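Whatever order the structure lists them in is the order used to number ligands and atoms, beginning at 1. Owing to the predicted nature of the structure, the values given are computational and were not obtained by experimental measurement.
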Amino acid sequence: MSVFQGIGKIQYEGKQSKNPLAFKHYNPDEIVLGRRMEDYLRFAVAYWHTFVGEGSDPFGVGTAIRPWQGSNGLDLAKRRVEASFEFYEKLGIPYFCFHDRDIAPEGDTLRETNKNLDVIVGMMKDYMKTSKVKLLWNTANMFTNPRFVHGAATSSNAEVFAYAAAQVKKALETGLELGSENYVFWGGREGYESLLNTDMKLELDNLARFLRMAVDYADEIGYKGQFLIEPKPKEPSKHQYDFDAATTIAFLKTYGLDDRFKLNIEANHATLAGHTFEHELHVSRINGMLGSIDANQGDTLLGWDTDEFPTDLASVTLAMYEIVKNDGLGSGGVNFDAKVRRQSFDAEDLFYAHIAGMDTFARGLKAAARLIEERVLDQVLEERYESFRSGIGLEIVSGKADFKSLEAYIIDKGEIQNKSGRLEQIRSLLNEYIF
Ligand code: XLS
Ligand code: NI
Ligand code: NI
């Protein structure tokens, strides 16, 4: 019996379709820049928002109506697995992502918790034998339980460090078992509230030690997934150590971990850091560190991680521009780390929301592909930086110039002529490709 009754397989019906349960732009087999759209986008469902979240907020309980409600403990966990595979298949989404605690309830000891996990992981493995759906990434929830009040790998309590290590050890074994293509670290409470009681140097050193242990254990058991770090500037910690892409890259390089990690960039985390999504993707890309994305959007009128489904076509186009320039995301993908609004409480809204996100990304991909094929922004850059391709500019970039030669070149010249950046004209041109 189906869980999501009355909803069939979501089909591509094209732009003219008025069917809310159909794709208007996402056409998995359509070739964009030589690759199937499905292979370019590698969409994933975030288990926590879609099968666990119920729409509670600090002022009220959940509002969501879900077919799996009414069960508890492992039974509830099993019903969610059952629903999840039906959901992926009806939407034609090739991947999913989860935290360990999303999929199975905690027991009284870590040993019991692991036993619960084994039951559900076994069940997922069975489903995955007959389904084409794969695990894009898994991660460990080291922020919900009160034991993580001071952090996990950056806790002031060494026993918590040990607990977190054991948890990630198990999570890597889970990744190996289910064939996850990446393993994510999002530093939920890896940060601090006040320097008055924080040994920042010890905490950062410990975080690096922890990540090294994870890499070593992965090598030991033969886990081949790509390690990813997901930067976020704040929430729940006031100062989060993985503030943004640049901070995280500097941390990884400082501790010699940059060859084993890439970044998972989330749109709403970028905006919380005071950046655009494309800024964070760009910083990651030019450093060879762009691994995967958490696709969502924030609300500039609210100061927190609202995790809305991505529908802002302009932003998504610029994001896809970076991803296409990166030649795709490799083993990464587009994970909808997004939740339906509290007022969208029907199970059907889960479908509408994912369709909205998938169609927006499909359109963004097509627009980005055209921008790249027609070299629109490449040309802008070529013209703007033309002075570095000959004469004194070429001497600078080829390493031939020094302060003395540059002084000699410029000292008797008259006032310098600059060229307009023509930003408004470029933005207007961009609109022609987006809309
Ligand atoms: C929270 C994060 C989280 C990670 C996975 O803000 O986005 O959901 O993606 O732990
Ligand atoms: Ni995320
Ligand atoms: Ni987030």
Would you check if the side chain of Asp100 reaches a backbone N or O of Ala140 as a donor-acceptor pair within less than 3.5 Å? no

2.8 Å cut-off met by an N, O or S atom of Glu230 to the Ni ion (ligand 2): yes

In Glu266, the N/O/S atom nearest the Ni ion (ligand 2) carries the name OE1

Less than 4.0 Å from some atom of ligand 1, heavy atoms are found in residues Trp48, His99, Trp137, Trp186, Glu230, Lys232, Glu266, His269, Asp294, Asp305, Asp337

Lys132 and Glu38 ion-paired at < 4.0 Å: no

Asp305, N/O/S atom nearest the Ni ion (ligand 3): OD2

May I ask you to decide if Ile293's main-chain N or O and Asn264's side chain share a donor-acceptor pair within less than 3.5 Å? yes

When you measure from the Ni ion (ligand 3) to each N, O or S atom of His269, which atom gives the shortest distance? NE2

Side chain Asp346, main chain Glu348, donor-acceptor under 3.5 Å: no

Check Asp294 and report its N/O/S atom nearest to the Ni ion (ligand 2), by atom name. OD2

Salt-bridged, Lys115 to Asp118, with N to O below 4.0 Å? no

Could you pull out the atom name of the N/O/S atom in Asp337 that is nearest the Ni ion (ligand 2)? OD2

Qualifying residue for ring pair (Phe, Tyr, Trp, His ring centres under 6.0 Å) with Phe143, from Trp48, Phe185, Trp186: Trp186

Which atom pairs, one a donor and one an acceptor, fall under 3.5 Å between side chains of residues 73-83 and the rest of the protein, sequence neighbours left out?
from: Arg79; atom 1: NH1; to: Ser71; atom 2: OG; distance (Å): 3.0
from: Arg79; atom 1: NH2; to: Pro67; atom 2: O; distance (Å): 2.7
from: Arg80; atom 1: NE; to: Phe51; atom 2: O; distance (Å): 2.7

Under 4.0 Å between a side-chain nitrogen and a carboxylate oxygen: does that hold for Asp219 and Arg260? yes

Quick one: are the ring centres of Phe43 and His354 less than 6.0 Å apart? no

